[in-house]
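Residue numbers begin at 1 in each chain, while the letters A, B, ... track the order of the sequences.
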Amino acid sequence: MSPRKRSRSSSISSSDSQPRKRQRSSSDGSEPDKRLKVYIVQAKLSADEVASLYALVDHHSVNESLDFELTPSPRDADVIVTAVHMRKRLERHIDWALAKEKPIVTPDWLFNSVSAGELLPCGKFAALSELHDETVHNCPDGDDDSDTAASSPPTDSLLHLRSPSQEPAASADLDWKSRYACCRASPLVCVNQHLVSRLAIIRRSRELEDDKISALSYDHAIGMIKSYPYELTEDRLNEVNSLPHIGPKMISRIEEYLDNGDIEEAETIANSQRYQSLEAFTDLYGVGATTARKLYAAGCRTFEDVERYYGVSYEDEAEEEADLDDGLKTEETDDLHLASQHNDRASQHNDRKPPRPLRFAKPKIPSITPRVALDLRDDLDQRIPREEVQEIFAVIVRELNAVRPGCVATIVGGYRRGKSLSGDVDIVIGHPNLSPTGKQVKGLSSRLVERLYERGLVTHLMYLSGFHAPDVTRAAHWDALEKALTVFVLPGGVRRRVDLIFAAPEAYWTAVVGWTGSKTFERDLRRWAAEQKELKFDSTGLTRRSNGELLVPTSEEDVFRLLGLGWVPPTLRNADA
DNA sequence: CGGCAATACC
DNA sequence: CGTAT
DNA sequence: GCCG
């Protein structure tokens, strides 16, 4: 069911006067030619912005259904991108009569479309309000994606803080009663979101207290509620009670919630010093539940305590950040590694010794140490607005193409699921088509990271997957995935966690699905594959359990198809709280 | 009652 | 073993 | 904490 544009324009195109609407210039005969021609008006755009836009368009990107190409002439453009907002100004570049026949949008339309993986409606991005209507009318949007399962109902989650009454996940074969999150539609915010948030506290507490299994049960229950399409009330209790993963304990909590509007244990936990401290400690990269408990047991309650615990080599706090410290330190931060260990501080003076006759005189990118994690905390605990995610993406795409032209990239993670704020930025890089020439993506990881570091865009490397020879089990497949977990920073910006995932051509689509999440959705995808289909699924690929045959999807929809699942749009994969 | 996602480093 | 994805 |  490859998504092709289903021009839902039928009703709109009433004003026939307009020439071909979404008819991509049928100029070059052959097939429908899905490449969308983009003309960029450079006026009023900085060199960098132009570069970003060109990188985005030039190397098109994302799925098969989203393919751009630059056109030198506005006349045969399908869409015109400009930062100009006034008629007079635009007329210097484009004939007014022509302008009225084209969608004239702001760069944001491009960024958003690329990020969304689909052509978005132009309305909100009309560059000239004066041409808003024409722009909307001529907009190339409306095509593909999301249709498969999410056609009938508005489906566009995201803004579904809506009323109770409404259709269940009428989407195709999605079933909110399924015991697998990957068979259900889970919006970002559900109708029973408050209850979910309460259960999430208990879940988190279980996790922090090392009761993983109980936490898992809450994950499942929360997932069920996230996709339950009705507002929970007394009269729905029976129905809810019969749902998978909702057992005696869960029902009693739900009943308590319906009676009192809250769950006592959740409140108690949330107000406890222990919970708050443990929760805070785990904000530190490298500090998990176990270490957090140790810190707490050692008497720590606040970050100040933790700093002290790890030895505040800090001269004082007067210096503040503004750390240009990492300008280009060609040194190697010696270890005293990740928090995992308990009391390992002391060992201060690590003299750096030339480790090995490493001929690579490359500057070494700082890695994380408890000290660094502490320093990064103020930045990393800030969430990232969508606009910035797009900016970061654009910059990375630009650099990526400087390193290896022809690559494509797509933002995955929470951003792709529609979150307005993200904890980090996840980007899958690769070649979407299993083209025979889908060559060298390998080693790309280190080269891109090097470049980003040289340019001061990457300040730390939490982890860089090596070029190991992974399996002997099923040779012929060099690392399907390479990863670079970094700390990235735009000039003058806040440092952000950015994960770069480099996928081999055969692994591209499973990587996209695997990194879009949510966590529970992913777990259930694996469970479903194993329990129902005798398949093994993970972000590096899909294989047949019996013969180990590697199944290579040709699109994201194909991944679901191969798994025998109905299509679930990214924005409906929010199975977690 | 066993199982609960799956891997890669540290 | 713990942490991260 | 719930399922098969």
Does a side-chain N or O from A:T291 land closer than 4.0 Å to OP1 or OP2 of C:dT3, or not?
yes
Between A:W567 and A:D173, is any pair of side-chain heavy atoms under 4.5 Å apart?
no
Applying side-chain hydrogen bond (donor to acceptor under 3.5 Å, both in side chains), can you list everything that pairs with A:R301, at least two apart in sequence or on another chain?
A:Y296
Tell me what A:D499 touches on the nucleic acid: a base, only sugar-phosphate, or nothing, going by heavy atoms under 4.0 Å.
sugar-phosphate
Of the candidate nucleotides C:dT5, C:dG2, B:dA5, which contains the atom at the shortest distance from the side chain of A:R526?
B:dA5
Looking at A:Y257 versus A:H194, is the centre-to-centre ring distance below 6.0 Å?
yes
Is A:R561 salt-bridged to A:E557, cutoff N-O under 4.0 Å?
no
Using a heavy-atom cut-off of under 4.0 Å over every strand shown, decide if A:L284 touches base, sugar-phosphate, or nothing.
sugar-phosphate
Test log, rule ring pair (Phe, Tyr, Trp, His ring centres under 6.0 Å), inputs A:W509 and A:F560
CA-CA 10 Å; A:W509 294 112; A:F560 283 78; over 10 Å; no
Sub-4.5 Å side-chain heavy-atom contact between A:T486 and A:L464:
no
Has A:E265 got more than 12 heavy atoms of other residues, nucleotides or ligands less than 6.0 Å from its CD?
yes
Rounded to whole angstroms, how far apart are CZ on A:R573 and C1' on B:dA5?
17 Å
For chain A and DNA chain D, what are the first and last nucleotides along the strand, 5' to 3', with at least one atom under 4.0 angstrom from a heavy atom of the protein chain?
D:dG1 to D:dG4
Is A:R497 touching bases, backbone alone, or none of the nucleic acid, heavy atoms closer than 4.0 Å?
sugar-phosphate
A:K212 side chain N/O closer than 4.0 Å to the phosphate oxygens (OP1, OP2) of C:dT3?
no
Could you check whether A:A289 gets within reach of a base, just the sugar-phosphate, or nothing at all, counting any heavy atom under 4.0 Å?
sugar-phosphate
Pairs involving residues 564-577 of chain A, ordered by first then second residue, that meet salt bridge (charged side-chain N to carboxylate O under 4.0 Å, His left out) (sequence neighbours left out)
A:E556-A:R573
Roughly how many Å apart are B:dA5 and D:dC3, using the P atom of each and rounding to a whole number?
15 Å
Whole-Å distance, A:F502 CZ to B:dA8 P, equals 18 Å
Return the set of residues passing side chain to side chain contact (heavy atoms under 4.5 Å, CB included) with A:A577 (not counting sequence neighbours), or none when no residue passes.
A:V196, A:A200, A:I222
Among the nucleotides C:dT3, B:dA6, C:dT5, whichever has the atom closest to the side chain of A:T290 is C:dT3
Expressed in whole Å, how much space separates the C1' atoms belonging to B:dT7 and C:dC1?
15 Å
Quick one: the side chain of A:R523 and the base of B:dA5, do they pair up donor-acceptor inside 3.5 Å?
no
Could you walk me through whether A:R523 and A:Y180 pass the side-chain hydrogen bond (donor to acceptor under 3.5 Å, both in side chains) test, one step at a time?
CA-CA 9 Å; A:R523 278 195 315 215; A:Y180 297 99; over 6 Å; no
Which residues, if any, of residues 247-262 of chain A bring a heavy atom under 4.0 Å of DNA chain D?
A:G247, A:P248, A:K249, A:M250
Assess A:R386 against A:Y415: is NZ or CZ under 6.0 Å from the centre of the six-membered ring, and within 45 degrees of the ring's axis?
yes
Specify the residues of residues 268-277 of chain A, ordered by number, for which at least one heavy atom lies under 4.0 angstrom from an atom of DNA chain D.
none
Trace of the side-chain hydrogen bond (donor to acceptor under 3.5 Å, both in side chains) decision for A:R451 with A:S446
CA-CA 9 Å; A:R451 183 185 173 90; A:S446 51; over 6 Å; no
What is the separation between atom CG on A:D283 and atom P on C:dA4, rounded to the nearest whole Å?
10 Å
